[in-house]
Number of protein chains: 2
Amino acid sequence: MKLDEVDRKIVSQLQIDGRTTLETLGKITGYTNMGVRKRVNNLLESESIRISALMNLKRFNFFLAVVLIETDGPETLQRLLKRFENCPRVVYIFTTIGGFNMIALVVAEDKETLESISMEKCSLRSEKGIRRSEFYPVMDVNYSPFMPIRRYLAHKDLSVPPCRVNCKPCARYKFERCVGCPATKYYKGHL
Amino acid sequence: MKLDEVDRKIVSQLQIDGRTTLETLGKITGYTNMGVRKRVNNLLESESIRISALMNLKRFNFFLAVVLIETDGPETLQRLLKRFENCPRVVYIFTTIGGFNMIALVVAEDKETLESISMEKCSLRSEKGIRRSEFYPVMDVNYSPFMPIRRYLAHKDLSVPPCRVNCKPCARYKFERCVGCPATKYYKGHL
DNA sequence: GGTGAAATAGTTCAGAA
DNA sequence: TTCTGAACTATTTCACC
């Protein structure tokens, strides 16, 4: 995908405000609103860009962590990716080249719950076949506190979490040291 | 910031499509468009959410890397944060607790240029006071290829890059092994 | 990419809950 | 304080150039 000057102006503006009207985009580019509409629609339909609500981690008191993982092979890696595909607490999982072959960004609504996804049965590290892992709690997110948090707010009515690890029998959940999975009816958090 | 059921529905929908009309949001929540307008404006004005264009890393052939850094103290860390504040290639810098105290997400438009920001004078690791660093090129971004890339498309007219390291005298830039900083007039990339 | 008219959507504000 | 309804303004859409 290549962008010309006009596309660049459009995308730049939509980065600042994704709801900018076609009219305004027209003024910025010197096109009519129909002209930019076609550009914007092309960018969206080709999935070159997506216009989406990001959440302010600071405002919602989200706690973020980076998890580094070394798996014993590609099967474990694939199993992990599949298992956490719909986990609301996983923002991104990168597969990487190097000593660690997987780096994940995870999020939770308090420190206790972040601890759960660091060590409990529902954590990334709990998967069989992980040789080594490191967990880095994030103190501060620099440059922009806005992040594309996935699915945190949807359903809340499942009886089994997307990762298939039930919260109910978990000691941390029982003793109120974890708010549980946001996708299930067991969720006790504020979101 | 706390969200009620209505806010949650609104934000959920805006995550899927940030340009959803107030009318549609009204239908989803059972409110009138005025009702949701207030909600949406509150969310935006309080900076709880931001609606923004994300770029598809795959579509634009972006190369991503995770950089782990251990600094010799808080001064180095602050200096680094300040220096890369406006670097278009830095997506996020997290300050963390643990063996590494800084984790950055960086982006480039080809492998050669990614290599530059891994080792050249304009790289994060070039800062004085770094004890140790690791660089993990990302093979694959899972779950969503969309990322809030900052400032990549703006200006392109500076004579000195935001990090203050000139591209012109750099050997990699001269020998076409780096497209240069996207914020400057020396930029030779496709974006 | 642009036009112009029709259709949708957004805004304002007085008043109800 | 929060939402509604109706009138008004702005924006978007559609078929066609």
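The structure presented is a predicted model; accordingly, all values stated were derived computationally and were not measured. Chain identifiers are assigned alphabetically (A, B, ...) following the order of the sequence lines, protein sequences preceding nucleic acid strands; residue numbering begins at 1 within each chain.
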Engineer: So if I take residues 3-23 of chain B and measure heavy-atom distances to DNA chain C, which residues fall below 4.0 Å?
Structural biologist: B/T21, B/L22, B/E23
Engineer: Taking atom CE as the centre, does A/M139 end up with more than 12 heavy-atom neighbours from other residues, nucleotides or ligands that are less than 6.0 angstrom away?
Structural biologist: no
Engineer: Can you list the residues that meet the side chain to side chain contact (heavy atoms under 4.5 Å, CB included) rule with A/D157, with sequence neighbours excluded?
Structural biologist: A/H155
Engineer: At a heavy-atom distance below 4.0 Å, which nucleotide of DNA chain D is the first touched by chain B, and which is the last?
Structural biologist: D/dC3 to D/dT12
Engineer: Under 4.0 Å between a side-chain nitrogen and a carboxylate oxygen: does that hold for A/E47 and B/K58?
Structural biologist: no
Engineer: Supply the members, apart from A/L77, of the Ile/Leu/Val/Met/Phe/Trp/Tyr cluster built from side-chain contacts under 4.5 Å; use none for a lone residue.
Structural biologist: A/F63, A/V67, A/I69, A/L80, A/L81, A/F84, A/V90, A/I93, A/M102, A/V106, A/L114, A/I117, A/L124, A/I130, A/F135, B/Y143
Engineer: Filter on salt bridge (charged side-chain N to carboxylate O under 4.0 Å, His left out), then keep only pairs touching residues 159-168 of chain A, sequence neighbours left out; what's left?
Structural biologist: none
Engineer: Going by side chain to side chain contact (heavy atoms under 4.5 Å, CB included), name the residues that satisfy it together with B/P148, two or more places apart in sequence or in a different chain.
Structural biologist: A/L54, A/Y92, A/P148, B/L54, B/Y92
Engineer: Have a look at the helix from C/dG1-D/dC17 to C/dA17-D/dT1 and give the angle its two end axes make, five pairs each, rounded to 10 degrees.
Structural biologist: 50°
Engineer: By the salt bridge (charged side-chain N to carboxylate O under 4.0 Å, His left out) test, which pairs, at least two apart or in different chains, include something from residues 92-104 of chain B?
Structural biologist: none
Engineer: Salt bridge or not for A/R132 and A/D72, using N-O below 4.0 Å?
Structural biologist: no
Engineer: Using a heavy-atom distance cut-off of less than 4.0 Å, which residues of residues 28-51 of chain A contact DNA chain C?
Structural biologist: A/Y31, A/T32, A/M34, A/G35, A/K38, A/R39
Engineer: For B/S118, which residues count as a side-chain hydrogen bond (donor to acceptor under 3.5 Å, both in side chains) partner, sequence neighbours excluded?
Structural biologist: B/R125
Engineer: Ring centres under 6.0 Å, that's the criterion: do B/Y136 and A/F94 meet it?
Structural biologist: no
Engineer: Connecting only ILVMFWY residues whose side-chain heavy atoms lie within less than 4.5 Å of each other, what is the rest of B/V160's hydrophobic cluster?
Structural biologist: none
Engineer: If you look only at pairs with a residue in residues 161-191 of chain A, which of them pass as a ring pair (Phe, Tyr, Trp, His ring centres under 6.0 Å), with sequence neighbours excluded?
Structural biologist: none
